[in-house]
Peer 1: 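Let me begin by handing over the structure; questions about it come next.
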Amino acid sequence: MATESIIGLQPPGSVTLTPNSNLLELILITERIRKVTLVGRYIKDHIGERQVLSAILFDDENIDLRVRDSPASSYSDMFKDNDIGRGDNYFKNNDYVQSLDLKKSPFVDEIVLQQTCISASDQPNLYWRQITYMKIQSGSQLIEIGEFRPTSASVPGKLLVLPEETVRGPCMISGVGMHNQDLLCLQIISVSTDSFKMYPPPEMPEHLYAYGKSTVGLVNLKSKDGKLKSVEETNFIGLESSDPDVFDVVHNLSEYMTDWYSSRSAIHRMFPDLYSLIDRSVTENDRSIIFAAFRLDRHLRWRIQNEVKNGHSFDRDPFIRLKVHKVVRCLAKTLERCQRLIVNKPSMDCYAIAYLSGNIRDVAIATLVLMTQIGLTYMLFMSILQDRDSGFQLFQRNERSIITPILAIFSGMLVYKQLSNVYATFKAYPKMSGSLMGAFDILANCVLGLIILVIQIIIIARTVDRVEYVLNSIAAIFILELDDNVVFFDDDGIKDLNRQLLMKDFRDRINAIDDVFFEVNNWRTARNSYQIIPQTCELKTLPPIQFTNSTRSMQSISSSQQPLEAVNIQFTEERQYNYALDGWAEVACSEPILSCKIKPDSKATLSFKWRDQGWGNRKGRMRIRLVNTENGDDVASTPEYGIAPHQYEEVTEHFSFNHGLVRNSAKGYKFVLEVVVGGGGGHELFMKDFSFICTSGLVAAECT
């Protein structure tokens, strides 16, 4: 599994950055790189003398650093010299250059980056970033620019040394970000060690890290109206521009999931847009969509694994983010199949057509073609047996001694082409190898192909008549090509079959998502019964509580001898709430828990009667939260009940000891009753006969 992250955008601490230190331009690496070069330059200014990273070059193609200045040609000119490209370290024009050979694999063992915030000479109160140290290590190879310095080397009012940022393990640079002065940040793809064991370099398929393709090997995503698209607000770096826009589709999906949580309706509502992404990818070979989905999948996984908070709307609710990633993962896996189609370019024979369409007519045609090929091959074989008494008359004519070897080589090339087509087809459609049509394809193009090649050589070697010589040669070629010629689809028809296959694959993947992701509202509710496993991006049921001697005390009983009872919130009289707000408001709470005991029969029970104003729109909702009184952290909660009816209705619910409200009860916590009445005027909420009791938490009896 691969994840995508950014280094070089860490907060600058107490100093204020100039606007020119914001990310203004991003260059994505779009092709397999085989060499990376770092260029360091010594500069001297009002701060002093130091070496900074002045350029990064990939495969000898220069990425210029300065947005305001025209691209410098000096770096490109460096690689015209005969002594360049050996991977050696050297000086040229006051630049220190180091190169790293990545021919075996684009992945390296470690990338280290350190920035220093330098005060501006004309505005000392403002600072701008410089990369003053960078290291890339791959095995025994090491390239290093600048000097690593501890943060204690900072000089107030002049420079602030930021902590180094390190990415270890199989990793690679997938993008370079720049601001108005210099290089700013790097986008890094990291691959899990398990994936590396499964696909050691150079066998690792490129679609696992999916650079993309372009004519120059680089894609620029420049700022518009002073902002690089979706970067500052979302921290999503390097989503290729596409139509429809992948990021917009996924962002809308997350918004719908927030409102349509109880079912798969959010995904169904977005199916037209999701299908459009797939359609454009397969019919127009739009790789920008494919690789944007790959990058989004990797980066969402990184946010989940690092439990990123408050960086983007996706981070507000980790459960919704996990659900969004599940859908994006399905989309990325489907588009990975599309990428296989584009890369392998399979030659479509009748067996592949029958596999794609599943139509009984196409299956019948494929079966008929196979029977014909087997029958004609059998007839060729029998002709050898029937004419075995005639003996071999090799090389009776001079022309045959010349043509026969050439024809044998040509036939061998044709058989090799058929074998290559089968291999490419199976790479494009991996599941076909285990299907009936896959078996037909292997039999017709692999087994029969080799048999026909041997038979053809024998027949033409013993043929005397020129006409028979030509007819026998054509017959063998015709048998081999028969399955390719019986294809009644043009290119558009084949693309339509591929589109149907990919859309079905996407639907199947969506339907395979566990229903538990759509049974609860958000993380407030899900956390009561489930936990997120960040490393695998999965949801797991909370482990059952283990009891010792039938009772486990989570916290010792208070040493005081005052009587204790179960924590509760209770009232019988009718209470009226008319807060003119759409948000949550606290209306009652329990006393802070003094001690907590968990037993097998521990539980929480909730019952109440409620209604709204009895007319008009219905907006009333209710919930109970478990809150840490020391820091105000939200620990657990009931489902959000609503919408309140116009007439009194009774609600009753029980929560076992495995529910978050019960198992997470602790000393110093309290339960809070909150309601939403509804804004707009005229809304009211009435509740009576309210009772919430949690037996795992104990409070002083006289306080209730």
Peer 1: I want to check something: taking the side chain as every heavy atom from C-beta on, are Phe291 and Gln339 in contact at a cut-off of under 4.5 Å?
Peer 2: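 In contact.
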Peer 1: Kindly indicate whether a cation-pi arrangement holds for Arg269 with Tyr256, taking the cut-offs as under 6.0 Å to the six-membered ring centre and within 45° of the axis.
Peer 2: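 Pair Arg269/Tyr256 counts as cation-pi.
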Peer 1: In terms of side-chain geometry, is the basic nitrogen of Lys35 or Asp101 positioned less than 4.0 Å from the acidic oxygen of its partner?
Peer 2: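 The answer is no: the pair does not qualify as a salt bridge.
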Peer 1: Can you tell if the side chain of Val108 reaches within under 4.5 Å of the side chain of Met172, non-hydrogen atoms only?
Peer 2: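 A side-chain contact under 4.5 Å is absent here.
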Peer 1: Show me the donor-acceptor pairs, under 3.5 Å and distance only, between side chains in residues 440-449 and residues at least two apart or in other chains.
Peer 2:
unit_1, atom_1, unit_2, atom_2, d
Asp441, OD1, Asn445, ND2, 2.4
Asn445, OD1, Gln418, NE2, 2.6
Asn445, ND2, Asp349, OD2, 3.4
Asn445, ND2, Asp441, O, 3.4
Asn445, ND2, Asp483, OD2, 2.9

Peer 1: Mind checking whether Met348 and Leu356 have side chains closer than 4.5 Å, heavy atoms only?
Peer 2: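 Side chain of Met348 against side chain of Leu356, heavy atoms only: contact under 4.5 Å found.
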Peer 1: Do you see a donor-acceptor pair shorter than 3.5 Å between the side chains of Ser174 and Glu4?
Peer 2: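 Indeed, the side chains of Ser174 and Glu4 share at least one donor-acceptor pair under 3.5 Å.
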Peer 1: For the residue pair Asn498 and Tyr429, confirm or rule out a side-chain donor-acceptor distance under 3.5 Å.
Peer 2: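 Yes.
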Peer 1: We want to know whether Ser281 and Asp286 form a side-chain donor-acceptor pair, criterion being a heavy-atom distance below 3.5 angstrom.
Peer 2: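 Per modelled atom types, Ser281 and Asp286 side chains form no pair under 3.5 Å.
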Peer 1: Would you name the heavy atoms of Ile320 and Ser254 that are closest together and state the gap between them?
Peer 2: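 Shortest heavy-atom separation between Ile320 and Ser254 comes out as CG2-O, 4.2 Å.
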Peer 1: Do the side chains of Glu538 and Lys326 get close enough for a salt bridge, i.e. N-O under 4.0 angstrom?
Peer 2: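 Salt bridge present between Glu538 and Lys326.
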Peer 1: Salt-bridged, Asp505 to Arg337, with N to O below 4.0 Å?
Peer 2: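 Between Arg337 and Asp505 there is a salt bridge, with a charged N closer than 4.0 Å to a carboxylate O.
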